Amino acid sequence: MNLLGATVWSPYMAGAGIGILLCLSLLLSNRVFGCSAAFTGVAGMIESLFRGRKAVEEKPYFREFPLRVEWQWFFVFGIVIGALMSTILSGTFAISWIPPAFALSFGDNSLTRLIIALCGGILVGLGARWAWGCPSSHGISGIPQLSLAGFIAVACMFAVGIGTAFLVFRVLL
Amino acid sequence: MSANLHENKRVHLLFGLIFGIGFGFLLQKGGVTSYDVIIGQLLLTDFTVLKLMLSAVIVAMIGLHLLKYLGLVEFHLFRGSVGSTVIGGCIFGIGFAILGFCPGTLAGAVGTGQMDALLGGVVGMLIGTGLFAHLFPEINRRFMDRGVFPADSLPELLRQPAWAVVLVMVLMMAGFLYILENSGI
């Protein structure tokens, strides 16, 4: 109980737990972790509210990856619930609008943060689908399977991420 | 396998929910649902993300290869390319540093009450992934088959047995974590 209520665990312990969970996931549900495809599906569902289901289903992407409620939708929804449970158990759940490190560098206007997060989110979404995966699927799932695409995707994501962060936080600001 | 496909489908989706809850719980406990921690990693001042990822990878690499050796699982590998993996990874990297989350940690951040993650990040990701679906025929035709990688996996590329690559990788990653931990960062 003490452990579940702890604010933070050693990253080694949390990481090892994730590794065990991934093995169980492949064994019991024949799925590895991944998050970004579910976002495309939800985006397609939202689009079909405006343009009709049929118009969306006829898009080449959705002909290749059919629009339906999928394992990964539940997985991503589960991540939200799991993180919520963790903060409730440790008593650290709090509604916030601006991360402290962001406020330090960009000021504490929550609209600024919202717009920047929106722009970042667009690139993350586009890039994750373009590369057929995010750090969960290429990194946490792909690298343990010794996936070549996994190693290269994660290297690009982090190298460019580090370069962009240094440019923004160390050069521009 | 059960003849009742409907029942099976439900159990399958339930597993998705359960593994998601476990993953989100561990991401939050591991400290990586925080913008500050992820930006700290990209600025090389906080190595929590790397420590968590490498320990997950080490455990899963050994576990998955044991399960595969026992014939209990099959791997999910696919062939990458420069036009897909490298270009997509680079676009992702720029967004990663601007948003301060990857898709998984973004979902976790929503669960911890970070409204910028929900109203900025998630909405942005829906636009970005929707944009990809919309541009898919064009991107597919122009980029995806450029510079296809010569192999699906590292053992295939190096023409070495998987166990040898696993051994070397695990030793390298564990050694790296040991040095990182003792360097005082």
Side-chain angles (χ1 to χ4, degrees), chain A residues 8-9 11-12 14-19 21-23 25-26 29 35-36 39-40 43 60-61 71 74-76 78-80 82-84 86-87 95 97 99 101 113-114 117-118 120-127 129-131 134-136 143-146 149 153 156-157 160-162 164-165, chain B residues 13 15-17 19-22 24-26 28-31 35-36 42 48 51-52 55-57 59-61 63-64 73 75 80 85 88-99 102-104 107-108 111-113 115-116 120-121 124-130 132-133 136-137 153-154:
Chain A
V8 71
W9 289 1
Y12 300 113
I18 290 170
L21 216 54
L22 180 78
C23 294
S25 178
L26 187 60
S29 60
C35 302
S36 60
F39 283 86
T40 329
Y61 179 91
W71 185 93
F74 280 80
F75 181 72
V76 175
I79 295 175
V80 178
L84 175 68
S86 171
T87 48
I95 295 291
W97 290 86
R113 170 58 188 152
L114 218 53
L118 186 81
I122 292 173
L123 291 173
V124 162
L126 179 67
R129 294 323 297 144
W130 197 310
C134 60
S136 299
I143 292 180
Q145 301 176 69
L146 299 172
C156 293
M157 287 166 178
V160 174
I162 288 167
T164 308
Chain B
L13 294 179
F15 271 128
L17 184 67
F19 288 120
I21 291 174
F25 186 87
L26 290 168
Q28 207 286 324
K29 286 285 182 243
Y35 171 92
D36 292 29
L42 296 180
T48 307
K51 289 174 185 174
L52 180 135
S55 21
V57 162
V59 170
M61 195 180 282
L64 290 182
V73 299
F75 281 4
T85 316
C90 291
I91 296 171
F92 183 97
I94 299 169
F96 192 19
I98 295 173
L99 174 59
C102 65
T112 69
M115 300 309 286
D116 55 318
M125 269 203 69
L126 290 173
I127 297 172
T129 54
F132 176 81
F136 175 66
S153 74
L154 215 52

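Basis for what follows: all heavy atoms, side chains included, without hydrogens, waters or symmetry-related copies. Here is how names work: the chains are called A, B, and so on, in the same order as the sequence lines, proteins then strands, and each is numbered from 1. What you see is a predicted model; the values in this text were computed from it and never measured.
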Hey, could you give me the [atom1]/[atom2] distance between [X] and [Y], rounded to the nearest 0.5 Å?
| X | Y | atom1 | atom2 | value |
| --- | --- | --- | --- | --- |
| Thr112(B) | Ile95(A) | OG1 | CD1 | 9.0 Å |
| Ile18(A) | Leu52(B) | CD1 | CG | 4.5 Å |
| Leu154(B) | Ile143(A) | CG | CD1 | 10.0 Å |

Given the options [options], which has more heavy-atom pairs under 4.5 Å with chain A than any of the others?
| options | value |
| --- | --- |
| Gly130(B), Cys102(B), Gly104(B) | Gly104(B) |
| Ile21(B), Ile98(B), Leu17(B), Thr85(B) | Ile21(B) |
| Cys90(B), Gly108(B), Pro137(B) | Cys90(B) |
| Gly121(B), Gly22(B), Ala133(B) | Ala133(B) |
| Gly63(B), Gly80(B), Ala56(B) | Ala56(B) |
| Ser55(B), Ser153(B), Ala97(B), Gly30(B) | Ser55(B) |

Does some side-chain heavy atom of [Y] sit less than 4.5 Å from a side-chain heavy atom of [X]?
| X | Y | value |
| --- | --- | --- |
| Trp9(A) | Leu26(B) | yes |
| Cys156(A) | Phe92(B) | no |
| Asp116(B) | Trp97(A) | no |

For the interface with chain B, which of [options] has the highest count of heavy-atom pairs at distances below 4.5 Å?
| options | value |
| --- | --- |
| Gly17(A), Ala101(A), Ser36(A) | Ala101(A) |
| Leu21(A), Leu114(A), Val124(A), Thr40(A) | Val124(A) |
| Ala153(A), Gly82(A), Cys134(A) | Gly82(A) |
| Ala43(A), Pro99(A), Cys35(A) | Pro99(A) |
| Leu84(A), Thr164(A), Leu146(A) | Leu146(A) |

Q. Of the backbone (N, CA, C, O) and the side chain (C-beta and beyond), which part of Phe132(B) lies under 4.5 Å from a heavy atom of chain A, both, or neither?
A. both

(Q) Taking side chain as everything from C-beta outward and backbone as N, CA, C, O, which of these in Val57(B) sits under 4.5 Å from a heavy atom of chain A? Side chain, backbone, both or neither. (A) both

Q | side chain to side chain contact (heavy atoms under 4.5 Å, CB included) between Phe96(B) and Val160(A), intermediate numbers included | A | CA-CA 9 Å; Phe96(B) 192 19; Val160(A) 174; over 6 Å; no

Q | Pairing residues for Ser25(A) by the side chain to side chain donor-acceptor pair (under 3.5 Å) criterion, not counting sequence neighbours | A | none

Q) Using the ring of each side chain (for Trp, its six-membered ring), is Phe19(B) parallel, tilted or perpendicular to Trp71(A), with breaks at 30° and 60°? A) tilted

Q. Which bit of Ser136(A) is near chain B, if near means a heavy-atom gap under 4.5 Å: side chain, backbone, both or neither?
A. side chain

